[in-house]
A.B. asks: 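Got a structure for you, questions after.
All figures in this text were calculated on a predicted structure; none of them were measured in a lab.
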Amino acid sequence: MEDTVLDFGEEDTPPKPPVKYKHPGVCIAHLFFRSAALITYLLCGILGVGFVTSFIVIILLLSADFWCVKNVTGRLLVGLRWINRIEEDGSSVWEYESRKDPSRVATAFESRLFWISLIVFPLIWVFMLFSTIFGLKLQWLAVVIVALILNGANLFGYVRCKFSSGKEMGSAASSYFGGKIFSTLRSNPDLLVAAATTPATAAS
């Protein structure tokens, strides 16, 4: 006879709230470099820091953000990664990778954080572009254009990667269920005969 241990009071324990962060450090890195580049751009114009120094610092931050988002945060937060390779003949080849292990999926909050910041920051730099042009601050135009190119490249790459992975999943599911149906009909040919004779019987 086995003894059963009852934990009295456990029924009154409230359920644990869902975990928002599985990768807090990655979330911080995802926002840090792009936020630092934008803040540096705004403060340098206000504080009157030298253009050359500001240009170098901002470009370094934008480059770090581009590499981090492309190779680290996208892979960990949404399970996607894009690669653009130039062939010897000059043609551009896009490659997409998606996470296959469902146990490593990030939380919904982390996914929203990734996509919102990926979309919002290029829009902010577009606003900065018009502000630079209409404010006649043409020396900062190169910085804004570089920021738009790097932020826009990641946005474009991940949007293509998202839709491409969805198509691959859909085609894989279609192939799987199609194979199941084919194997079922092959092992039970009577089903195919019954399906073919049913409409004829109904018509008669």
A.B. asks: When hydrophobic residues are tied together by side-chain contacts of less than 4.5 Å, even through go-betweens, does L60 share a cluster with W125?
C.D. replies: no
A.B. asks: Does some side-chain heavy atom of R34 sit less than 4.5 Å from a side-chain heavy atom of L118?
C.D. replies: yes
A.B. asks: Please walk me through it: do W115 and K162 pass side-chain contact (heavy atoms from CB on, under 4.5 Å)?
C.D. replies: CA-CA 11 Å; W115 287 110; K162 177 71 173 177; 4.0 Å; yes
A.B. asks: Does any N or O in the side chain of R81 come within less than 3.5 Å of the main-chain N or O of E95, such that one atom is a donor and the other an acceptor?
C.D. replies: no
A.B. asks: Within this structure, what is the CZ-SG distance for the pair F109 and C27, rounded to the nearest 0.5 Å?
C.D. replies: 7.0 Å
A.B. asks: Using the rule that Ile, Leu, Val, Met, Phe, Trp and Tyr join whenever any side-chain heavy atoms are under 4.5 Å apart, tell me whether V69 and W67 fall into a single cluster.
C.D. replies: yes
A.B. asks: Looking only at heavy atoms, which two atoms of V78 and G74 are closest? And how far apart?
C.D. replies: CG2-O, 3.0 Å
A.B. asks: Just wondering, do F66 and L62 contact through their side chains at under 4.5 Å, heavy atoms?
C.D. replies: no
A.B. asks: D65 side chain to L61 main-chain N or O, any donor-acceptor pair under 3.5 Å?
C.D. replies: no
A.B. asks: Please table the atom pairs, donor to acceptor, closer than 3.5 Å between any side-chain atom in residues 35-51 and protein atoms at least two apart or in another chain.
C.D. replies:
| unit_1 | atom_1 | unit_2 | atom_2 | d |
| --- | --- | --- | --- | --- |
| S35 | OG | L31 | O | 2.6 |
| T40 | OG1 | A36 | O | 2.6 |
| Y41 | OH | T132 | OG1 | 3.0 |

A.B. asks: Identify the two heavy atoms, one from H30 and one from S117, that lie closest to each other, and give their separation to 0.1 Å.
C.D. replies: NE2-OG, 2.6 Å
A.B. asks: Distance-only, no hydrogens or angles: does the S63 side chain make a donor-acceptor pair with backbone N or O of I59 under 3.5 Å?
C.D. replies: yes
A.B. asks: For the atom pair CZ (F134) and CG (L129), what is the distance rounded to the nearest 0.5 Å?
C.D. replies: 9.0 Å
A.B. asks: Would L148 end up clustered with F156 when hydrophobic side chains under 4.5 Å apart are linked, directly or stepwise?
C.D. replies: yes
A.B. asks: For the CD atom of E110 and the OG1 atom of T73, what is their distance to the nearest 0.5 Å?
C.D. replies: 11.0 Å
A.B. asks: Just to verify, what does W82 make a side-chain hydrogen bond (donor to acceptor under 3.5 Å, both in side chains) with, not counting sequence neighbours?
C.D. replies: N154
A.B. asks: Look at the side-chain heavy atoms of Ile, Leu, Val, Met, Phe, Trp and Tyr, link any pair under 4.5 Å apart, and say whether V57 and F55 land in one connected group.
C.D. replies: no
A.B. asks: Looking at Y158 and K70, would you say the former's side chain and the latter's main chain have a donor-acceptor pair under 3.5 Å?
C.D. replies: yes
A.B. asks: Are F32 and V26 in one and the same hydrophobic cluster, where Ile, Leu, Val, Met, Phe, Trp and Tyr link if side-chain heavy atoms are under 4.5 Å apart?
C.D. replies: no
